[in-house]
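Remember, predicted model here, so these are calculated numbers, not experimental data. Both ligands and their constituent atoms are indexed starting at 1 by order of listing.
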Amino acid sequence: MHGGDQIDGRGDPLVQITRLMDLHSRTDYDKGTLDIAELGNDPWATLESWVQQAVDAGIQDPTAFHLTTLDQDGFPHGRLVLLRDTRQGELVFYTNYRSEKGQDLLANPKAGATFFWPHADRQIRIRGTVTKVAAAESDAYFASRPVASRLGAWASDQSQVVESRDALDAQFQKVKAKFSDGVVPRPEHWGGFALRPSVLEFWQGRPSRLHDRVKCIRTNSGWDLVRLQP
Ligand SMILES: Cc1cc2nc3c(=O)[nH]c(=O)nc-3n(C[C@H](O)[C@H](O)[C@H](O)COP(=O)(O)O)c2cc1C
């Protein structure tokens, strides 16, 4: 007899899953507003200010953004990376050039970036092209990292298969012994990419799902700004 199961949903696997995961939460977005006039002629200043406000808010990984790359078959691949600089109107992040993202970007330098700051109801979407940052700039950043992170960059063949956790730990110990004098130079295959946006979109959540969206398109002389429907 399954009548009761159907009424309370326990007999329906889909209902059971959605209950366990609580997929029906609803956020009311009411923490701010965004007008084209606030962005003026320089959307980059707003991007830097939103990043700074996230840092000041003390949230975990305030500079994390979702980086999208395209593989050779045109499939998109996404993962989080950390923004390390915004100099010269570019987003700079660091990684292993031989990793999946590194290989994607070296073969096809088009990328997407998405920031999400739930504490502020804000999102920024970006698309543009990437270049490798100068070796001297990567050297300077690498030198600023804690020694364990520098050793990790040598120990990890990022995105390649490893036989076991033990094998990875053994690779780390080997690298530690190799650089026991504490001098750990930057591996040539590790460094920065700089993403130069051609399009930026600022999103500020608003009540009734009538969010503020401002799209900024790079032109020869600056930026064109338009408001988008939510
Ligand atoms: C919050 C967060 C920040 C991360 N920052 C970086 C980063 O700055 N650079 C990086 O190479 N990987 C970073 N990672 C790991 C990447 O998401 C990813 O697992 C790794 O780079 C391998 O990606 P790939 O195989 O697509 O190249 C971060 C992960 C998280 C969750």
- [ ] Specify whether Trp190 and Tyr141 have parallel, tilted or perpendicular ring planes, treating 30° as the upper limit for parallel and 60° as the lower limit for perpendicular.
- [x] parallel

- [ ] For residues 109-122, pull every pair meeting salt bridge (charged side-chain N to carboxylate O under 4.0 Å, His left out), keeping only residues two or more places apart or in separate chains.
- [x] Lys31-Asp121

- [ ] Can you run down the salt bridge (charged side-chain N to carboxylate O under 4.0 Å, His left out) pairs that involve residues 33-45, sequence neighbours left out, and say none if there aren't any?
- [x]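 Counting only pairs at least two positions apart or across chains, the salt bridge (charged side-chain N to carboxylate O under 4.0 Å, His left out) contacts touching residues 33-45 are Asp35-Arg227.
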
Open item on the list: Quick check on side chain to side chain contact (heavy atoms under 4.5 Å, CB included): which of Tyr94, Phe93, Phe193 does Val81 satisfy it with?
Closed with: Phe93

TODO: Determine whether more than 12 heavy atoms belonging to other residues, nucleotides or ligands lie under 6.0 Å from atom CZ of Arg209.
DONE: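 Yes, the 6.0 Å shell around CZ holds more than 12 heavy atoms from other groups.
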
Task: Pairs touching residues 35-59 that satisfy ring pair (Phe, Tyr, Trp, His ring centres under 6.0 Å), sequence neighbours left out - done: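 Qualifying pairs: Trp50-Phe202.
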
Open item on the list: Residues around ligand 1, heavy atom under 4.0 Å from any ligand atom, sorted by chain and number. Can you pull those?
Closed with: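 Residues near ligand 1: Asp61, Arg79, Leu80, Val81, Leu82, Tyr94, Thr95, Ser99, Glu100, Lys101, Gln158, Ser159.
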
